[in-house]
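The structure appears right after this line, and notes come after that.
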Amino acid sequence: MFSLQKLVISISLLLFLTSTGFAVEHLRLATTTSTDNSGLLAELLPPFERANNCQVDVIAVGTGKAIKLGETGDVDVIMVHARSKEDKFVAAGFGVDRHDVMYNDFVILGPATDPAGVKGNNDAAEAMVKIAHSKSTFVSRGDDSGTHTREKQLWQKAGVTPVGSWYLEAGRGMGEVIVMASERNGYTLSDRGTYIAYSEKTPLQIVSEGDKRLFNPYGVIMVNPARHKHVKLDLAKDFLNYLTSSQAKQLITGFRKGGKQLFYIAD
């Protein structure tokens with residue numbers, strides 16, 4: 001009799017847990033490796049998940065791939081950092097309700113020996129010219145990410161076509177590329193947030209910064225539910241509202257590594 005009671009209790013508990021599990025709604029978010037590698041999402045998402053009894057399933061890829069996932073309806077929301085591509089995404093009807101979220105800036109990283117003589121040059125295009133002419137190793141994301149997009153814009157501004165054994169396309173996320181550039185004693189372009197988060201893992205230093213062309217804004221966009229009926233419309237709207245709320249702004253502003261702020265609120 002006692003065993004039967006325990007069995008009934010166990011089955012009831014299992015059914016309760018199972019039903020609770022099914023009650024959790026999932027929001028699919030495609031975002032950049034920089035927001036994930038920096039550790040920001042680990043601070044930013046839990047309060048939203050608790051408040052909405054949901055789980056945010058993060059796919060951390062380059063901006064280009066994140067936008068592709070939005071175009072095919074494989075995610076509900078994207079948070080990326082390549083404004084020209086974001087505008088095309090919305091104009092083509094794949095996304096709606098874009099909001100500015102935050103910003104930081106890009107920096108050019110290089111070894112302490114600075115073989116290209118870049119250090120102290122705050123003109124990003126001139127810095128890229130020096131790297132190319134010295135044929136110093138440059139590790140590119142090479143993945144159609146927001147960082148890769150900005151890098152290509154800088155090469156174009158510099159009037160340089162980056163080809164040769166000195167130019168390496170990694171096809172990897174920002175953190176991995178910083179490590180790879182470190183191992184090869186080379187240069188790379190990084191968002192400042194990921195560099196700060198990885199500063200204890202790399203001997204690379206900032207050799208060029210401050211150019212207005214290095215501004216790096218992030219935006220959040222809901223995938224168009226008129227094009228993809230399965231988009232979690234209400235939850236996606238709640239997420240957009242959350243990212244622009246005072247609560248999220250405080251978390252973004254307060255997110256620091258080594259005492260340094262990684263992201264700033266967009267006005």
Side-chain angles (χ1 to χ4, degrees), residues 29-41 43-44 60-67 78-90 98-110 118 121-128 138-158 170 172-178 181 187-199 202 204-221 243-244 248-249 251-258 260-267:
L29 167 67
T31 187
T32 71
T33 61
S34 57
T35 56
D36 193 38
N37 290 169
S38 66
L40 175 65
L41 294 182
E43 295 288 325
L44 198 56
V61 291
T63 288
K65 290 180 180 176
I67 287 176
I78 64 172
M79 184 164 69
V80 292
H81 64 142
R83 186 59 190 266
S84 60
K85 291 184 176 180
E86 295 168 42
D87 289 342
K88 288 181 181 177
F89 179 73
V90 173
R98 183 196 177 279
H99 293 276
D100 291 320
V101 177
M102 59 189 185
Y103 69 90
N104 59 15
D105 63 344
F106 292 107
V107 292
I108 298 176
L109 306 177
V118 173
N121 191 331
N122 60 6
D123 185 313
E126 287 184 8
M128 301 295 263
F138 186 96
V139 182
S140 167
R141 289 281 298 272
D143 61 349
D144 199 29
S145 62
T147 307
H148 186 212
T149 300
R150 184 58 53 88
E151 179 209 312
K152 289 189 289 186
Q153 292 170 346
L154 292 174
W155 286 125
Q156 185 176 25
K157 183 65 179 178
R172 297 179 182 178
M174 194 68 258
E176 292 178 283
V177 167
I178 289 175
Y187 294 85
T188 192
L189 180 71
S190 171
D191 70 285
R192 188 183 294 269
T194 306
Y195 172 63
I196 292 173
Y198 272 69
S199 58
T202 176
L204 297 184
Q205 303 176 354
I206 295 175
V207 293
S208 183
E209 60 183 332
D211 190 320
K212 63 181 181 181
R213 288 173 292 214
L214 297 178
F215 180 61
N216 181 30
Y218 290 78
V220 63
I221 311 170
L243 284 184
T244 54
K249 288 178 179 177
L251 290 171
I252 292 169
T253 301
F255 181 64
R256 295 165 190 267
K257 295 279 187 178
K260 297 180 179 177
Q261 187 172 341
L262 277 68
F263 300 96
Y264 297 84
I265 297 302
D267 295 326

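Below, each value reflects all heavy atoms present in this structure, side chains not excepted, and no hydrogens, waters or symmetry copies. Note that the numbering runs from 1 along the sequence shown for the chain.
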For the student: nearest non-hydrogen atoms of [X] and [Y], plus distance:
X      : Y      : answer
Glu86  : Ile67  : N-CD1, 4.3 Å
Ser190 : Ile178 : OG-CD1, 3.6 Å
Leu262 : Lys257 : CD1-N, 3.5 Å
Arg141 : Gly62  : NH2-CA, 4.1 Å
Gly210 : Leu214 : N-CD1, 4.2 Å
Ala124 : Ser208 : CA-OG, 4.3 Å

Separation between CG of Leu41 and CZ of Phe255, rounded to the nearest 0.5 Å: 9.0 Å
If you measure from CD1 on Ile206 to CD1 on Ile108, what distance do you get to the nearest 0.5 Å? 10.5 Å
Hey, do the aromatic rings of Phe138 and Tyr187 have their centres closer than 6.0 Å?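 No - the distance between ring centres of Phe138 and Tyr187 does not fall below the 6.0 Å cut-off.
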Would you sort out whether Phe89 and Ile78 count as a side-chain contact (heavy atoms from CB on, under 4.5 Å), showing the intermediate values? CA-CA 11 Å; Phe89 179 73; Ile78 64 172; 3.7 Å; yes
Could you check whether Asp105 pairs with Arg150 (Lys NZ or Arg NE/NH1/NH2 to Asp/Glu carboxylate O, under 4.0 Å)?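 Salt bridge absent between Asp105 and Arg150.
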Please enumerate all residues that pass salt bridge (Lys or Arg N to Asp or Glu O under 4.0 Å) together with Glu126, with sequence neighbours excluded.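 By the salt bridge (Lys or Arg N to Asp or Glu O under 4.0 Å) rule, Glu126 matches no residue at all.
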Can you name the salt bridge (Lys or Arg N to Asp or Glu O under 4.0 Å) partners of Glu151, sequence neighbours left out? none
Using side-chain hydrogen bond (donor to acceptor under 3.5 Å, both in side chains), reason through Thr32 and Ser34 one step at a time and then give a plain yes or no. CA-CA 5 Å; Thr32 71; Ser34 57; 2.8 Å; yes
Checking His81 now: which residues fulfil ring pair (Phe, Tyr, Trp, His ring centres under 6.0 Å) with it, not counting sequence neighbours?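 In terms of ring pair (Phe, Tyr, Trp, His ring centres under 6.0 Å), with neighbours along the sequence ignored, His81 is linked to Phe106, Tyr218.
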Indicate whether the side chain of Lys85 and that of Thr149 have a donor and an acceptor atom separated by less than 3.5 Å.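 The answer is yes; a qualifying pair exists.
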Sole candidate of Met102, Gln261, Glu43 that passes side-chain contact (heavy atoms from CB on, under 4.5 Å) when paired with Ile252: Met102
